[in-house]
Number of protein chains: 6
Amino acid sequence: MPRSICVINPNSSVDVTRGIDAALEPLRLAGGPPITSHTLHDAPAGIQTEADIVQVLPRLTAFIQANEANACAFVIACFSDPGLAVAREATSLPVLGIGESAMLTALTQGQRVGVIAIQPTSIARHWRTWGAMGITSRLAGERALGLDVAELQDTQRTWDRLLEIGGQLRDEDQANVLILGCAGMPQFQHSLSQILGVPVVEPSRAATGMALTAACLTS
Amino acid sequence: MPRSICVINPNSSVDVTRGIDAALEPLRLAGGPPITSHTLHDAPAGIQTEADIVQVLPRLTAFIQANEANACAFVIACFSDPGLAVAREATSLPVLGIGESAMLTALTQGQRVGVIAIQPTSIARHWRTWGAMGITSRLAGERALGLDVAELQDTQRTWDRLLEIGGQLRDEDQANVLILGCAGMPQFQHSLSQILGVPVVEPSRAATGMALTAACLTS
Amino acid sequence: MPRSICVINPNSSVDVTRGIDAALEPLRLAGGPPITSHTLHDAPAGIQTEADIVQVLPRLTAFIQANEANACAFVIACFSDPGLAVAREATSLPVLGIGESAMLTALTQGQRVGVIAIQPTSIARHWRTWGAMGITSRLAGERALGLDVAELQDTQRTWDRLLEIGGQLRDEDQANVLILGCAGMPQFQHSLSQILGVPVVEPSRAATGMALTAACLTS
Amino acid sequence: MPRSICVINPNSSVDVTRGIDAALEPLRLAGGPPITSHTLHDAPAGIQTEADIVQVLPRLTAFIQANEANACAFVIACFSDPGLAVAREATSLPVLGIGESAMLTALTQGQRVGVIAIQPTSIARHWRTWGAMGITSRLAGERALGLDVAELQDTQRTWDRLLEIGGQLRDEDQANVLILGCAGMPQFQHSLSQILGVPVVEPSRAATGMALTAACLTS
Amino acid sequence: MPRSICVINPNSSVDVTRGIDAALEPLRLAGGPPITSHTLHDAPAGIQTEADIVQVLPRLTAFIQANEANACAFVIACFSDPGLAVAREATSLPVLGIGESAMLTALTQGQRVGVIAIQPTSIARHWRTWGAMGITSRLAGERALGLDVAELQDTQRTWDRLLEIGGQLRDEDQANVLILGCAGMPQFQHSLSQILGVPVVEPSRAATGMALTAACLTS
Amino acid sequence: MPRSICVINPNSSVDVTRGIDAALEPLRLAGGPPITSHTLHDAPAGIQTEADIVQVLPRLTAFIQANEANACAFVIACFSDPGLAVAREATSLPVLGIGESAMLTALTQGQRVGVIAIQPTSIARHWRTWGAMGITSRLAGERALGLDVAELQDTQRTWDRLLEIGGQLRDEDQANVLILGCAGMPQFQHSLSQILGVPVVEPSRAATGMALTAACLTS
């Protein structure tokens, strides 16, 4: 049985895992590695705080160790990239974070990157990550939808906010490429890009693509 | 007939094209796009000067236009990424440059990037590119082999210099990931990494991998 | 016959050349080098795309080679500085780009630089250049007039937009020096500066001044 | 009983805790908060890997919650600042990390900061932190003693290496302020500074001082 | 008689000195150094221009030399940090500037720093300082109250503007920590922080706290 | 009588003034402004400390006010640019500093700038200035001759050190343009450039050239 790219949703929402899994379909190639999606059991329902991340870390490394024999790469499918450093230390297989990969992919699609966050409270944390990546000068800005979990269920409302915030990033902040700052919105990627007229990067796809390359090149 | 990822060697050296072509074998997957390699006819024998780049540009865009109907992505396989901006404007298909892609890939494999150039004269040009990319703070340093075309034919001598320069980047500049700053040295990637104990990024592979992802996700 | 500073308008608009030529009058000194203006024949009517730039490059280097014997310096009079690197390689004479020179001059006249572009599509390209220059932290922002060629013929409308956009850069972005991001607006420099109360840099003048210095010091 | 500044040594070495405790004596003021030192039970013997950090995190937040009622501030006394973000979220009391505080203090004592690490493997991690802090342009460099735990017991050898590495940072990297990149070397601070003729920052003292200020100002 | 931390108000306004002096009460600890406040005689009434700073410099160094025997540290209590470099050269005692210290303290309390200036004309000067500090990537923005000396007497009006400008920095610029960019507003610190829900750094307190640490550690 | 560009040597060494004056000969053009050199009376013999700078400032502004009626621009001819900010405030005429102008000129002649200082103690101060300029990412490095005033009288020894240090900046730091970090060495510019094969910027010439442009364009 071929080793697979294990995409780990580090929160316990099976719905989110299912959405990610569907979004990765175009990266499943006959001769390529299988791509499997996994919900991290006992993980928080969502990852919004640093405490959520602390809870995730041992579960994540345990998952990686338990699955290393059957894996060719791992993807951590949360935009905050929880545990990216420890996971890379825990295995010699490639590990990609969707936040990091989305940003790197965006850098190939535009000069000024705009990021759409769910909640304003994440923005400072994201900037810390981008500082560590050394790419803050490429940021046009980040703006938040400001929608809570219940509101995100309302597809129309989410869509309207995406258009509004994406438009502000494009027109007021002069972004010429956008990133969806969350693993839970792949279904909006293509229409948002089409209507706003700028590329939109979906982070789970970006990271799984980088994992696919890494898996092919290291195996 | 499926559309292919067209990897363009923008110099006229068929040997270099052949080396690149072989290096990409692991990325040729059943069910995935074919990966074809192309020598840019009438291009300079090597790309070392800005004048060489000027010569390349119209040939490159002509090639892209002539092959767009059969392509799903393009890779410009010269570390100076000649014509990356104009190529991206000339087609709506993904275009990846091996210099840019190698750097972005290296950013996922280490915090401090060391680059091995062929000639010292390229170093300033590379720094200009990295400035435009906004990632100069991630550079541990760049050092040159200082070998001319004839000397590069001498595999032993090239290997000795790679070890020496790679070791300096690791030990004196504290790089923890290295990039081969040229399309012509894929055969050294794995042994160099093994002996020096740090990841080594081969740029044509890095870029073609990113093109593979992009091709899958946009088709 | 003394060697002259050749100011090259790399588009084919003779009107623009004429405007530049008039703007440089204060830099024509009895004992200094003549300053001559040139329209690049067969060049695009305007330089707005990367393809326009590709078209310009061979014409530009041909011009430089043809005129090197009679020149003491060259100025490339398009804000995107097309061909600056290749031109510097093609001749040992000083070559100045008006985009680069305008920015360097602005750095001596204020701490936070605001740039007035013609079209929003140029903004990303300008940021790439400023990244390569390593000076992005000095940018207060860039905003575009959003006027097309026809609208730019309407002096009153252009003036109104300049005032509006310049005022936004000063008041909302806290720029304390402005740059006219185009070779075609020298006639507005002094009145804009006077009304907005901040220095305004005109790029062709800035670059030709730097060329004058370079010509005197290298001859 | 007045609330105390709790200085947490996040590894389980009681010797290290004792050394830190002694070093903080000058910050114990009659009218100021007590300063107490604590060894994190069940923590790793030393913190050298990302996995060590993961182990520390829940113990650290548990300690903070258990001691919040009697504390006026917390100090995390490991140069890698493990858990700084989660600790700051876990309590409304001030939390200082010795890595961050040492760097901020150094910024007031010199323009170019040199850091003395114990092991070369930490250097990349430190640079990631400095990137997140946004201060990489102030780094003259980091160099490692390259001594293991046993060798660090040899005071003479450690001192010789400190002098050698500190001298390189001053003379080759042009640092004009140094940081001891570890909580375990306070006894060398003053003599190193005196002999090398540049200020030397001891991180536990720097952080506890910042905690003292914060405690006074928020109580 | 114990040596004291001398806090120097470099303008001649005794009222401002009095306000600073009261604000520092929490840092006066039994067993710690006395904290004394001083008005610089013959200094300008306020420090708004570079010429004001020139006037301050010799008076400041004279004060330092005259008081060195009785001091254990000096604080320059003007947000522009006039004379910080020369003061540090003039004495081997610690010298802290309130602008620098406020920024360093803010870096421990949030990722994106917003600064509230009194007058828009100071903004460019502040950015120059932050450039020299190498921390511009941490700035969310600076906005000015735009109140003159007379208007600042009107407490209600000042408070209203503080709320308005602080709210803009938080909501439009996404600052998650604020700095009062002036020594004259300590009385607003705590209520502003409480109402806006983000930490607010008062610069004289921040610097005197850093001086307290430095004094304890060097004596 | 035409207004002149006043080049101010802010130390009291008439010999240095004379050397600067001779170096500016190529910028004295018929029809252009006269260029006059001035020794600042009662100034320190050399400017090496911050205290020297404090002494210079009131003398400098007094000079500017006394000469404004006959001047069209001012140049401050000390590489530390003492008083640049206050001078620019004191007059509406252009004021150029030789340190700033040399760096801006170097940015047009190479991508990686190497600076040759006289004394190592100046290096930290220069980096502070370059931070304020926002151009630190363009620095390849700065190295000092380490010669005192007496040793600088020995032309052969100075020349030998210039070659040695310049060669290190070129070969070890990969600078492709050099700056003479002092007003006192114009006589070495051309031979140093010729032998090392990289452009060498002489700061008084660079600044006076920028002043010439500014004078022509504002009169």
So, the part of C/Ala90 with a heavy atom under 4.5 Å from chain B: the answer is neither
side-chain contact (heavy atoms from CB on, under 4.5 Å) with C/Val54: of B/Val54, B/Leu57, B/Val56, only one passes, and it is B/Leu57
Turns out that what part of C/Thr49 lies under 4.5 Å from chain B's heavy atoms comes down to both
*Using modelled atom types only, decide if a donor and an acceptor are shared between the side chain of B/Glu89 and the backbone of C/Glu50 within a distance under 3.5 Å.*
yes
